[in-house]
Every structure is written in structure tokens, then in C-alpha cells.
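The block underneath contains the structure these notes are about, expressed in C-alpha cells.
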Amino acid sequence: MPRLLFFGQLRDRAGDLHERVVAGDARTVADVLDWIATQDADLAAALKVRGVRVAVDQSFATLEAPVSAQSELAFMSPLSGG
Amino acid sequence: MTEINIIISHALIDVAAELVTLDAEACDIGASASFVGYCRGASATGAVRALSLQHYPGFTENVIRGFAEDMAAKHAPQKIIIRHRVGEILPGEAIVLVAATATHRAAAFKVVETLMDYLKSEAPFWKQEHRADGAHWIEPTDEDYARLQQRRS
């Protein structure tokens, strides 16, 4: 099952969903978002705001991107820069 | 071929040692340029006790390397070094060092400036300011988004 990571302010909001493994049969990023919505609707809404980006296995991805059981999904808050 | 050396770390940056090493290892260059960014004790919103910088290990380095490789392809510097702190950073401490060596100064200056613009705006870091009233995440403003749009068009 894919593993979730959150960065920036999203990590504060994600709470114990950070580093959690997704339950069920998610095949795309969109499926993972649907699952997150069942766990925390507010967080799921926050993942759709401007500037939030997602990476699958350390490559930027779209909602249609496939995920596997071994995937690592990172949801990134808008970048602050260094 | 350009040598690109990137370290993202919690450790303090020894700016002097890094620059001495960079120049000592350079061969037949005409120029060396560098920039150091420091943690300030105040921002537009008041006194800053500390910064916290978060990154995505592996991903952040790879994304920065991709941009540095683009710079190398365009300007052919001999070497690029990037040192970036993460974790807690106190006022007065160096957050970032970018330096480049090249045959001519134009390339060295351009690489350093462009990399710094990139690191400040697009590199995958997330920053919190710690002030008297608590921790505050720094997020892009509407102006930042507009400037980014301009740079990409």
C-alpha cells in the first residue's frame, strides 16, 4: 500500500496521516486523495489548493499518475524556497 | 564537464573553508563568484528568534541538481557548489552558500545569481519563522506567484 508523506504546513494538518500507509486499492493519485477524504475531509480539501504539488516516488506527478503498493506519495505545501 | 556538488545538512556551513577548498581545487580558471545568505533577526512581521527549514531528503537534492545541470549546460562553469542548511537556524547563521568557478566572470556571476533566485523561490524547502507569538509558515504571496509565472513564460 502506498506510503504518505507531507511537507510544510500540510504536515501539521496531516497529523498521524504523515508516514501512514494508505488502506484499500488505490491505483492513482486521485484514488489516494479519495481515501484521504474518508480519513480527513479538511485535509483532502487543503490538498487541492493552489500551489500544492504531489510527487510519486520522488517525481512530480498529476492526479492521473499511477501508484503501486510500494509507492511513496509526497504532498507538498506551496514552496517557501530556502 | 561541470562538477556539481550539493550538500543539504543540519550542520553549520563553514563558509571560509568551503571557499578555500573551491578555489584550491580549481584549475586554470579566471573567476570565482559566491553568495552567502544569512538568517536575519527580523522580518517584515517582527523579530525572528529562529528559522526552521524542512526539505524532502533525496527529492530536494535531485530537483536542485536538475536546475544546476541546466545552468551548467548554458554557462559551462567549471564547478558549482551549493550548501544549504535545514533544521533550526539561528539569526546570524548562514542558511545557504552558492559558489561557482569559471573561465570568465560573466558565467560565474550568472550561475550564482540564477541559482540563488531559484533556491529562494522554487527549490523544495518549507520555512517557518519562530517569533514571540509562535511559529509561522512562510508561503508564497500573490506577487511571488505572479513573478514565477513571468519567469516561466
Side-chain angles (χ1 to χ4, degrees), chain A residues 1-22 26 28-29 32-33 36 40 42-82, chain B residues 6 8-9 13 35-39 43 51-67 82-87 89 94-98 115-129 134-142 144-149 151:
Chain A
M1 269 69 82
R3 184 168 162 261
L4 297 177
L5 299 175
F6 297 87
F7 292 92
Q9 190 167 23
L10 286 173
R11 185 178 292 181
D12 292 348
R13 299 186 77 155
D16 62 6
L17 279 181
H18 177 61
E19 296 186 317
R20 175 90 76 86
V21 166
V22 176
T28 65
V29 171
V32 173
L33 277 170
I36 290 172
D40 186 335
D42 289 342
L43 175 62
L47 295 180
K48 294 177 182 164
V49 304
R50 177 179 65 170
V52 172
R53 301 191 71 176
V54 60
V56 176
D57 298 328
Q58 303 210 351
S59 292
F60 283 119
T62 62
L63 291 179
E64 296 76 32
V67 300
S68 72
Q70 291 76 38
S71 290
E72 176 178 277
L73 266 84
F75 290 96
M76 294 176 266
S77 298
L79 308 178
S80 330
Chain B
I6 300 169
I8 299 176
S9 167
I13 300 172
F35 174 86
V36 183
Y38 291 93
C39 175
S43 70
L51 290 180
S52 295
L53 272 172
Q54 204 179 82
H55 77 304
Y56 183 3
F59 177 83
T60 296
E61 288 90 334
N62 287 339
V63 169
I64 292 172
R65 179 170 296 278
F67 191 85
I82 299 170
R83 304 287 182 260
H84 208 298
R85 290 276 304 280
V86 287
I89 304 164
I95 301 172
V96 59
L97 162 66
V98 174
L115 269 169
M116 267 318 304
D117 280 347
Y118 167 76
L119 288 171
K120 286 294 289 179
S121 60
E122 295 187 59
F125 293 103
W126 296 272
K127 191 187 318 186
Q128 266 186 314
E129 283 184 353
H136 302 267
W137 286 102
I138 306 302
E139 298 219 331
T141 61
D142 287 340
D144 292 331
Y145 281 116
R147 270 204 295 271
L148 190 57
Q149 200 67 15
R151 260 206 298 274

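Just so it is clear: chains get the letters A, B, ... in the order the sequence lines come, proteins before strands, and each one is counted from 1.
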Is there a donor-acceptor pair closer than 3.5 Å between any side-chain N or O of S52(B) and the backbone N or O of Q128(B)?
no
Salt bridge (charged side-chain N to carboxylate O under 4.0 Å, His left out) against R11(A), all qualifying residues, sequence neighbours excluded
none
Neighbours of chain B found in residues 58-68 of chain A - heavy atoms under 4.5 Å
Q58(A), S59(A), F60(A)
Can you list everything that forms a ring-ring contact (aromatic ring centres under 6.0 Å, His included) with F35(B)? Sequence neighbours excluded, please.
none
Pairing residues for F75(A) by the ring-ring contact (aromatic ring centres under 6.0 Å, His included) criterion, not counting sequence neighbours:
F6(A)
Check whether W126(B) gets within reach of chain A through its side chain, its backbone, both or neither, counting any heavy atom under 4.5 Å.
both
Checking F125(B) against H84(B) for the side-chain contact (heavy atoms from CB on, under 4.5 Å) test, could you report, in this order, the C-alpha distance in whole Å, the side-chain angles of both residues, the deciding distance, and whether it holds?
CA-CA 10 Å; F125(B) 293 103; H84(B) 208 298; 3.5 Å; yes
Does CZ in R20(A) sit with more than 12 non-hydrogen atoms of other residues, nucleotides or ligands closer than 6.0 Å?
yes
